[in-house]
Amino acid sequence: MARADAPTQTPMMAQYHRLKAEAGDALLFYRMGDFFELFFDDAKVAAACLDIALTKRGADAGEAVPMCGVPVHAAESYLARLIKAGHRVAIAQQTESPAEARKARGSKALVERAIIRLVTPGTLTEETLLDSGTANWLAAIGRAGDDYAIAAADISTGRFELIACAPGDLVAELARLDAAEVIADGKVPGVATTASKGGFDSLTGERALMARFGVTSLDGFGAPGRAELAAAGGLLAYLDATQKEAVAFLAAPRRVARSSHMAIDPATRDSLEICRTSTGAIAGSLLATIDRCVTAPGRRLLGSDLSAPLTARGAIEARLALVQWLHDEPIRRERVRLALRAMPDIGRALGRLVAARGSPRDLAMLRDGLIAAAELKRELEDEGSPPDLLASLLPDLAGHAALTDRLSAAIVAAPPIDTSKGSYIAEGYDAALDALRVAASDGRRAIAALEARYRDATGVSALKIRHNAVLGYHIEVAARHADRLMAPDSGFTHRQTLAGVVRFNSPTSTPKRAGWSKPGPTRWRPRRPISKNCQRLPWASRFGSPPQPMPSRGSTYPPATPNARRKAAGACPTSSTSPALNWTPRAIRWSRPRLVRAASVSSPMTSRWAPTTGCGW
């Protein structure tokens, strides 16, 4: 790769090298317009992994720059393939618009970019990047003296666990979690780890936990040991480094006693094929064989329970009692299954919302899930005395009425995923928004009515009212119908001719100009004089047909003498009140213009512009 301080670097490549140094060994997705571009060695790796074309762009330090890119709108699918292949990806987004850059630093300013996120296997939250039926654990290994501990977090659902274990049980615990990514402060025998971002210190971890959850003591979390605090500190530091400004979703840490479940080493686990077969597939495993879950969270919980068989007799009997209670009543069981089937994946929707990657649909999922949970609680309570395990879970299913009421009032029943499309705030929630919607709706109806009126008046059934940033609102007809609107008495002003269509302005279709008032029903006057010599007024668009034919090609233009110029312009004899005319091709430059618009009362489509000084037309 070219050096970052090479003297021949362009500003863009200098910015790229600075961001690449920050990204380290991760592939850098560098946002350029509608694409994420990759350069140098990153481009070669990504092109081979994604099977996309590898090209070259200019030169850097005298060498051609390898380049490939992926469209922004399809970036998640390419990210999924890169993550699955074991790569990490840094996302460099534009932090300002080109207009803001030009305003701040000049017309040739480079748009500022910054790495907003480091995408790694253990820090995924997007639905398209995750397997809905499998937990996505990020595990951090901490050490204090001879003691080891694991801090594990699934930021897609907020689960956060601390497990203290002996050195010999470390590998078995990691196999139980089946972590997507493992980080550590150094090499751990028998464990493949990713480079960490520091923080593996018990004091640092204690401060990070207290700051994260806003507490002054960790006694409420079970007083974690030094090794657990070191692991938690490393995990939180890694999340801060990868998520940048976003906040990872984490519930309060739960200490998991090593003795509460059976330890199964990786070799035995592979032989038993509990959650995956020896080839790594879920199909054919014990989990796939007994899975009858109707929700993705249920499937994840079943896999977790199978991976960690209980060892405490009381916990085993409580679980079996709940299974028996549902097994003995098929009608009750089916009602519960139907209620669960209608519930969305609340945990992952909440994870996306906390990380600021959510959508209106995630809010609707949260609302619908909480309402369904409260309804399920009422149905189960009506069944009589539930088993102890179920009775301990029921209180958590309710108590969110205030939140669901507000979400029901604010969000429509089926909102879109993309916030840019709008239409997800319910009618009646915000009066100002409702007023804007009514205005927009009335505006569309008014345009449709005006369009119908013009069609009737002109006899052109294909006439349309369009809008663009250059002409504003205008009338568009096919080229074969243009002659009808070109007529001098049509009231339409020709603006633009394209290959198949011709565009016109009309007095009614042109929005009211800034700075103009309407003192009467038929006359428009400027509120203040137009600056001297500030406006070029084309004949066709401002004055209608000229009073005299325009000079033919090859004739003297402008006329050589003052009298000839006045005659050609149709102006009155020179006087102190007459405006001075300066001829330019196809335009008149007025020194002191004061214009009124005289419109026919009987036909709003007929109008002309005329000067109101001493010269008459």
Side-chain angles (χ1 to χ4, degrees), residues 26-27 29 36 49-50 70 72-91 116-140 151-161 174-183 194 235 238-239 242-244 246-251 275-276 280-283 285 287-288 291 293-307 340 343-366 368-369 417-418:
L27 303 179
F29 269 31
F36 282 119
C49 181
L50 301 176
V70 300
V72 171
H73 71 271
E76 285 191 0
S77 61
Y78 292 100
L79 275 175
R81 293 165 63 183
L82 289 171
I83 295 299
K84 188 175 181 180
H87 299 289
R88 302 192 303 164
V89 181
I91 308 294
I116 63 167
R117 182 186 175 193
L118 182 62
V119 185
T120 69
T123 59
L124 304 178
T125 56
E126 289 81 357
E127 189 175 5
T128 56
L129 303 181
L130 292 168
D131 180 359
S132 62
T134 306
N136 194 68
W137 289 105
L138 168 67
D154 181 355
I155 66 171
S156 69
T157 59
R159 293 180 65 184
F160 188 12
E161 296 182 355
L174 291 173
R176 173 184 69 83
L177 292 170
D178 192 19
E181 185 177 8
V182 181
I183 59 174
T194 301
L235 185 139
Y238 190 76
L239 290 177
T242 56
Q243 303 304 293
K244 302 296 181 180
V247 178
F249 178 36
L250 289 180
C275 294
R276 297 183 184 273
I282 297 177
S285 64
L287 173 61
D291 180 17
C293 296
V294 295
T295 66
R299 192 169 296 111
R300 293 196 296 267
L301 182 59
L302 177 61
S304 176
D305 290 343
L306 290 176
S307 296
L340 291 173
M343 296 179 67
D345 194 340
I346 302 175
R348 286 196 167 168
L350 187 57
R352 290 189 291 271
L353 290 170
V354 171
R357 302 183 190 116
S359 68
R361 187 165 297 180
D362 289 322
L363 288 172
M365 290 171 64
L366 185 62
D368 297 342
I417 296 178
D418 188 1

Roughly how far, to the nearest 0.5 Å, is [atom2] of [Y] from [atom1] of [X]?
X    : Y    : atom1 : atom2 : result
F249 : T125 : CZ    : OG1   : 12.0 Å
L27  : H87  : CG    : NE2   : 6.0 Å
D362 : I346 : CG    : CD1   : 12.0 Å
R352 : R361 : CZ    : CZ    : 10.5 Å
M343 : M365 : CE    : CE    : 11.0 Å
L82  : C49  : CG    : SG    : 5.0 Å

Listed by chain and number, what are the salt bridge (Lys or Arg N to Asp or Glu O under 4.0 Å) partners of [X], not counting sequence neighbours?
X    : result
D291 : R299
K244 : E22
D131 : none
D178 : R276

Closest non-hydrogen atom pair, [X] against [Y]:
X    : Y    : result
A180 : N136 : CB-OD1, 3.5 Å
F160 : A153 : CD1-CB, 4.3 Å
A151 : L235 : O-CD1, 3.1 Å
R300 : S132 : NH1-O, 2.8 Å
S304 : R159 : OG-NH2, 4.0 Å
L239 : A248 : CD1-CB, 4.1 Å

Option from T123, L118, V119 for which side-chain contact (heavy atoms from CB on, under 4.5 Å) with R88 holds: L118
Could you go step by step and tell me if I282 and T134 meet the side-chain contact (heavy atoms from CB on, under 4.5 Å) rule? CA-CA 10 Å; I282 297 177; T134 306; 4.0 Å; yes
For a side-chain contact (heavy atoms from CB on, under 4.5 Å) check, start with the C-alpha distance between Y238 and T120, then their side-chain angles and the critical distance, and finish with the verdict. CA-CA 11 Å; Y238 190 76; T120 69; 3.4 Å; yes
V70 and L50: CA distance, side-chain angles, deciding distance, side-chain contact (heavy atoms from CB on, under 4.5 Å) verdict: CA-CA 10 Å; V70 300; L50 301 176; 4.1 Å; yes
May I ask you to decide whether E126 forms a salt bridge with R117, counting only side-chain N to carboxylate O separations under 4.0 Å? yes
Among residues at least two apart in sequence or on other chains, which ones pass ring-ring contact (aromatic ring centres under 6.0 Å, His included) with F36? F29
D154 meets the side chain to side chain donor-acceptor pair (under 3.5 Å) criterion, sequence neighbours left out, with S156, T157
List the steps and the verdict of side-chain contact (heavy atoms from CB on, under 4.5 Å) for L250 and I155. CA-CA 6 Å; L250 289 180; I155 66 171; 4.1 Å; yes
